[in-house]
Number of protein chains: 2
Amino acid sequence: MALDTDLITAELAARGLRLTRQRRAVVDAVAASDACLSPLEVFQAAREGCPDLGLTTVYRTLELLGEIGALRRIHGAEGCERLVPASTAHGHSVVCGVCGRVTEFTECDMTNVLAAARRETGYRITEHFLQLNGVCIECAAR
Amino acid sequence: MALDTDLITAELAARGLRLTRQRRAVVDAVAASDACLSPLEVFQAAREGCPDLGLTTVYRTLELLGEIGALRRIHGAEGCERLVPASTAHGHSVVCGVCGRVTEFTECDMTNVLAAARRETGYRITEHFLQLNGVCIECAAR
DNA sequence: GTGCGTGCAAATTCTTTGCAATGCA
DNA sequence: TGCATTGCAAAGAATTTGCACGCAC
């Protein structure tokens, strides 16, 4: 679940923004972890490669990365501020309840479910947020 | 999307807890609204029928109601602390992006999607969180 | 009486903002 | 020069905790 630095650079450039050393450290920290990290954890991890990084910058960068769709927030029991890299703007996350690892899942044909929802509620559905929880291969093998 | 007071009473009783006047005010406030409310909004609404209610009690009650599955948190751009009544422990919410109204949606056959997820990620899926966003009938008519 | 439940105030945690300094084009 | 970017410190918001009192069984 790597983050494409070139893509991020391009997205930022399109808005007149830059991928600075600090922002890159934040991106790398999120991309390097296969768990979902809190802003503070991102800060701590990113600091290893960029000791002069400030927490404020982490918050600002995370928001920015969220806007361009490079990050996704995980909906969990403690809230939904934990972050995970997203290779595409639309995709879903599968969270292992044992080790916390998160994997991306892109193939999703929700046609039937969305049609059923429309039938049951009358709403015109424009977006869906789906998150799966389960047990990853390694944890299942134990 | 009514909340069943008897059911809540029973769930609480099973844990040796009571549905007090304050707790009932919180339940009523959430049930009466068809939008998703923040804890503060619940507090303000619940106070109308229970002026001596404290914010602390609201937080404690919301957590309690969440535990027994009577409430569901909505995953939104600003976080996921906004609450909506849930008639069943498993169900999904459909949020109108125009007026903010939330409707419950219970019929969901995710079999195919879950199978695809298992195939793609190898995870054994145990739970899913699905939230739909769209436009409600009234807003669509305008 | 025994615990659950409560409100208030204080403490804590998390996040955002103001601002002067820095850096790159 | 012009504007994005940064860190620090302060401010602010949201949430939790400690505690003594009230209330139901």
Side-chain angles (χ1 to χ4, degrees), chain A residues 5 8-30 36-68 70-71 73-83, chain B residues 5 8-30 36-68 70-71 73-83:
Chain A
T5 305
I8 292 176
T9 306
E11 282 290 348
L12 290 175
R15 300 164 197 234
L17 306 176
R18 288 172 283 219
L19 183 57
T20 61
R21 185 172 53 87
Q22 287 89 339
R23 286 181 182 160
R24 183 182 293 263
V26 171
V27 170
D28 288 347
V30 176
C36 46
L37 303 178
S38 68
L40 191 60
E41 287 165 344
V42 172
F43 172 62
Q44 291 164 340
R47 267 210 149 177
E48 311 238 317
C50 182
D52 59 335
L53 179 67
L55 181 55
T56 307
T57 299
V58 172
Y59 275 105
R60 290 192 274 226
T61 303
L62 292 177
E63 186 180 356
L64 206 50
L65 293 174
E67 280 172 19
I68 67 178
L71 293 185
R73 284 179 299 126
I74 294 296
H75 190 86
E78 356 62 40
C80 61
E81 301 311 321
R82 298 187 154 263
L83 303 154
Chain B
T5 305
I8 292 175
T9 306
E11 282 287 348
L12 290 175
R15 300 164 196 234
L17 306 176
R18 286 168 280 205
L19 184 58
T20 61
R21 185 172 52 87
Q22 288 90 337
R23 286 179 182 163
R24 184 181 291 265
V26 171
V27 170
D28 289 346
V30 177
C36 45
L37 303 177
S38 68
L40 191 61
E41 287 165 345
V42 171
F43 171 63
Q44 290 163 342
R47 266 210 149 176
E48 312 237 316
C50 183
D52 60 335
L53 179 66
L55 181 54
T56 307
T57 299
V58 173
Y59 275 105
R60 291 191 273 227
T61 303
L62 292 177
E63 186 178 357
L64 206 50
L65 294 173
E67 280 171 19
I68 67 180
L71 292 184
R73 284 179 300 127
I74 294 297
H75 190 88
E78 356 60 40
C80 60
E81 301 312 321
R82 297 188 154 265
L83 303 154

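Just so we're on the same page: letters track the sequence lines, and every chain starts at 1.
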Worksheet item: Could you give the distance from CG (A:Leu12) to CZ (A:Arg23), rounded to the nearest 0.5 Å?
Response: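 One gets 6.5 Å once the value is rounded to the nearest 0.5 Å.
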Rounding to a whole Å, what distance do you find between [X]:[atom1] and [N]:[atom2]?
X	N	atom1	atom2	value
B:Leu64	D:dT16	CG	P	13 Å
B:Glu41	D:dT15	CD	P	11 Å
A:Glu81	C:dT15	CD	C1'	9 Å
A:Leu55	D:dT5	CG	C1'	16 Å
B:Leu40	D:dT16	CG	P	14 Å
A:Gln22	C:dC24	CD	P	10 Å
B:Leu83	D:dA14	CG	P	14 Å
B:Arg24	C:dG5	CZ	P	14 Å

Under 4.0 Å, heavy atoms only, any strand: does [X] hit a base, just the sugar-phosphate, or nothing?
X	answer
B:Arg23	sugar-phosphate
A:Leu53	sugar-phosphate
A:Thr20	sugar-phosphate

Nearest of [options] to any side-chain atom of [X]?
X	options	value
B:Tyr59	C:dT15, D:dT16, C:dT6	D:dT16
A:Arg60	C:dC19, C:dT15, D:dT5	C:dC19
B:Arg18	D:dA24, C:dC24, D:dC8	D:dA24

Is any side-chain heavy atom of [Y] closer than 4.5 Å to one of [X]?
X	Y	answer
A:Thr61	A:Thr20	no
A:Glu11	A:Glu67	no
B:Ile68	B:Arg15	yes

Worksheet item: Does B:Gly16 or B:Thr56 map to a spot on DNA chain C nearer the 5' end, using the closest nucleotide for each?
Response: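 Between the two, 5'-proximity favours B:Gly16.
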Worksheet entry | Sole candidate of B:Arg47, B:Arg21, B:Gln22 that passes side chain to side chain donor-acceptor pair (under 3.5 Å) when paired with B:Asp52 |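 Testing B:Asp52 for a side chain to side chain donor-acceptor pair (under 3.5 Å) against B:Arg47, B:Arg21, B:Gln22 leaves exactly one candidate, B:Arg21.
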